[in-house]
Protein chains: 2
Amino acid sequence: MAVTSENGRRTRIQQENRERILKAALDMFSRSGYRGTTLDQIAAAAGMSKPNMLYYFRTKQELYQTVLQETLDDWLTPFAKLDPQGDPASELGAYISAKLAHARINPKASRLFANEILQGAPLLEDTLKGPLKDLVETKSKAIRTWIADGKMAPVDPLHLIYMIWASTQHYADFETQMDALEGTEPGTRDKRFEGAERTLFTVLFNGLKPR
Amino acid sequence: MAVTSENGRRTRIQQENRERILKAALDMFSRSGYRGTTLDQIAAAAGMSKPNMLYYFRTKQELYQTVLQETLDDWLTPFAKLDPQGDPASELGAYISAKLAHARINPKASRLFANEILQGAPLLEDTLKGPLKDLVETKSKAIRTWIADGKMAPVDPLHLIYMIWASTQHYADFETQMDALEGTEPGTRDKRFEGAERTLFTVLFNGLKPR
DNA sequence: GACAAAGTTGACCATTTGATCAAGATTAAA
DNA sequence: TTTAATCTTGATCAAATGGTCAACTTTGTC
């Protein structure tokens with residue numbers, strides 16, 4: 001018997017437990033990767049027995065894919081909002097801010113995603129080659145238009161996008177390294193994100209000014 | 001009996017086999033991480049039996065640490081070469097080129113490193129908090145001097161360093177994503193690295209011009 | 001060529017881990 | 001309160017995996 005009835009409705013308990021499990025799974029998978037995480041760990045973190053957890057997600061794969069899919073949606077949203085009608089400074093600025101906010105608020109999602117890409121993205125291939133690719137092409141076109149209109153310096157849109165992704169996600173994915181370099185006194189993390197935004201704005205805006 | 005004699009000298013066979021094992025280990029660990037890689041896989045990739053491999057590296061940990069340490073040295077070298085006496089454009093330019101070259105030629109080393117940081121860098125903590133931290137502080141000082149001398153725009157050195165690390169390493173760590181977005185026809189990869197260098201130079205140099 | 005050291009591996013072991021199952025406990029609708 | 005569906009878990013299993021060992025082969029030195 002499936003855990004959700006045919007009509008797809010979920011009981012109160014299902015709702016709560018699925019949520020607890022997915023949260024625990026994100027915690028563990030984002031830190032240790034798929035193979036590095038055990039079902040026992042997730043079950044313990046979710047505060048229930050392993051068989052009970054497997055009552056909600058039948059296999060480790062299914063659990064992992066569910067977590068991954070949910071984080072991926074978060075990841076795509078801000079990029080889709082980039083508006084070709086706006087001007088580059090405010091649009092790219094808003095995008096950078098959104099990406100940094102995501103790295104600050106939900107670093108685990110970013111790490112899970114990074115982990116998956118590092119392993120060769122076996123489960124992400126379809127999304128990357130489909131929806132993401134389409135999105136990238138659309139946004140690249142917008143950037144090219146901005147350039148043609150003399151609103152920003154001529155740079156390859158693709159590499160500009162990579163640069164923004166890289167230097168924002170870095171604050172989530174490499175947080176361990178930054179903590180080691182800067183220490184972890186309270187407040188350090190917030191200051192870091194402020195500094196990141198200031199520096200990215202300075203470099204990118206001056207760097208992309210039309211000339 | 002240890003695999004290397006007390007005098008630390010290695011036989012011809014030891015030399016060759018260690019090298020083969022380390023290469024195979026880097027291949028596997030960089031793709032699948034520590035937990036995701038099995039000794040059987042590494043032994044097979046190295047073309048020898050598992051017990052024989054364990055004759056050269058007594059445990060999986062020891063093998064992993066050896067690989068990690070070797071890649072780490074590569075990672076640190078170009079950064080150490082950044083010369084405060086030079087001018088920012090040529091020094092940072094050379095550094096960016098070196099980092100991109102490293103990402104192009106040895107992406108596996110970069111991925112192994114990224115993997116380790118993502119997992120919380122349990123084995124790298126000492127290096128990060130010691131040698132790397134010292135290096136970062138030294139180079140930050142150099143950048144601050146450049147700024148004080150009016151040779152470049154005022155930006156937080158730490159975040160500038162992060163930005164350079166992020167946007168160069170990205171070309172190794174997220175290669176899978178880029179391949180999915182751009183396809184994998186022959187030549188694509190080389191063109192990508194050219195475009196990366198061009199774009200990074202444009203954005204960073206214009207972005208960091210003194211004003 | 002003799003022989004000690006170095007190198008090699010099939011067979012095996014103990015532990016970990018994803019998954020199953022039967023049996024019991026809880027929940028909610030009537 | 002009854003009862004069927006839902007929820008929960010201890011016990012258990014089979015496969016995978018890190019590591020050991022004894023026996024055998026190869027290498028290099030005299």
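The sequence lines fix the lettering, A, B, ..., with proteins before strands; numbering per chain opens at 1.
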Practice prompt. Say whether B:S110 and B:D173, considering side chains only, have a donor N or O and an acceptor N or O under 3.5 Å apart.
Written response: yes
Worksheet entry | Sugar-phosphate only, base, or nothing, as touched by A:F57 at under 4.0 Å among non-hydrogen atoms | nothing
Fill in: Distance, rounded to the nearest Å, where A:M48 contributes CE and C:dA25 contributes C1'
16 Å
Practice prompt. Not counting sequence neighbours, which residues clear salt bridge (charged side-chain N to carboxylate O under 4.0 Å, His left out) with A:R104? List them please.
Written response: none
Worksheet item: Given atom OH of B:Y56 and atom P of C:dA6, what is their separation to the nearest angstrom?
Response: 11 Å
Worksheet entry | Distance test, side-chain N/O of B:Y55 to OP1/OP2 of C:dT8, below 4.0 Å | no
Name each donor-acceptor pair under 3.5 Å that joins a side chain in residues 122-133 of chain A to protein atoms two or more places apart or in another chain, with its distance.
from, atom 1, to, atom 2, distance (Å)
A:E125, OE2, A:K129, NZ, 2.8

Worksheet entry | Qualifying residues under ring-ring contact (aromatic ring centres under 6.0 Å, His included), relative to B:F113, sequence neighbours excluded | B:W75
Practice prompt. Establish, with yes or no, whether the OP1 or OP2 oxygen of D:dC7 is under 4.0 angstrom from a side-chain nitrogen or oxygen of A:Q14.
Written response: yes
Discussion item. Which label fits B:Y171 and A:Y162: parallel for a plane angle under 30°, tilted from 30 to 60°, or perpendicular past 60°?
Written reply: perpendicular
Report, one line per pair, each donor and acceptor closer than 3.5 Å where one atom sits in a side chain of residues 194-201 of chain B; sequence neighbours left out.
from, atom 1, to, atom 2, distance (Å)
B:E197, OE2, B:S97, OG, 3.3
B:T199, OG1, B:G195, O, 2.9

Worksheet item: To the nearest angstrom, how far is A:I42 atom CD1 from C:dG18 atom P?
Response: 8 Å
Could I get a table of every N or O pair under 3.5 Å where one atom is in the protein and the other is in nucleotides 18-23 of chain D?
from, atom 1, to, atom 2, distance (Å)
D:dG18, OP1, B:T37, O, 3.4
D:dG18, OP1, B:K60, NZ, 2.8
D:dG18, OP2, B:L39, N, 2.8
D:dG18, N7, B:K50, NZ, 3.1
D:dG19, OP2, B:K60, N, 2.7
D:dG19, O6, B:K50, NZ, 3.3

Worksheet item: Given atom CD1 of A:I21 and atom P of D:dC7, what is their separation to the nearest angstrom?
Response: 11 Å
Fill in: Atom-pair distance (CG on A:N52; P on C:dT26), nearest Å
13 Å
Worksheet item: To the nearest angstrom, how far is A:R20 atom CZ from D:dC7 atom C1'?
Response: 12 Å
Practice prompt. Report the distance from atom CZ of A:R10 to atom P of D:dC7, rounded to the nearest whole Å.
Written response: 11 Å
Discussion item. Among residues at least two apart in sequence or on other chains, which ones pass ring-ring contact (aromatic ring centres under 6.0 Å, His included) with B:Y95?
Written reply: B:F79
Practice prompt. Using atom CE of A:M53 as one end and atom P of D:dG10 as the other, report the distance to the nearest whole Å.
Written response: 14 Å
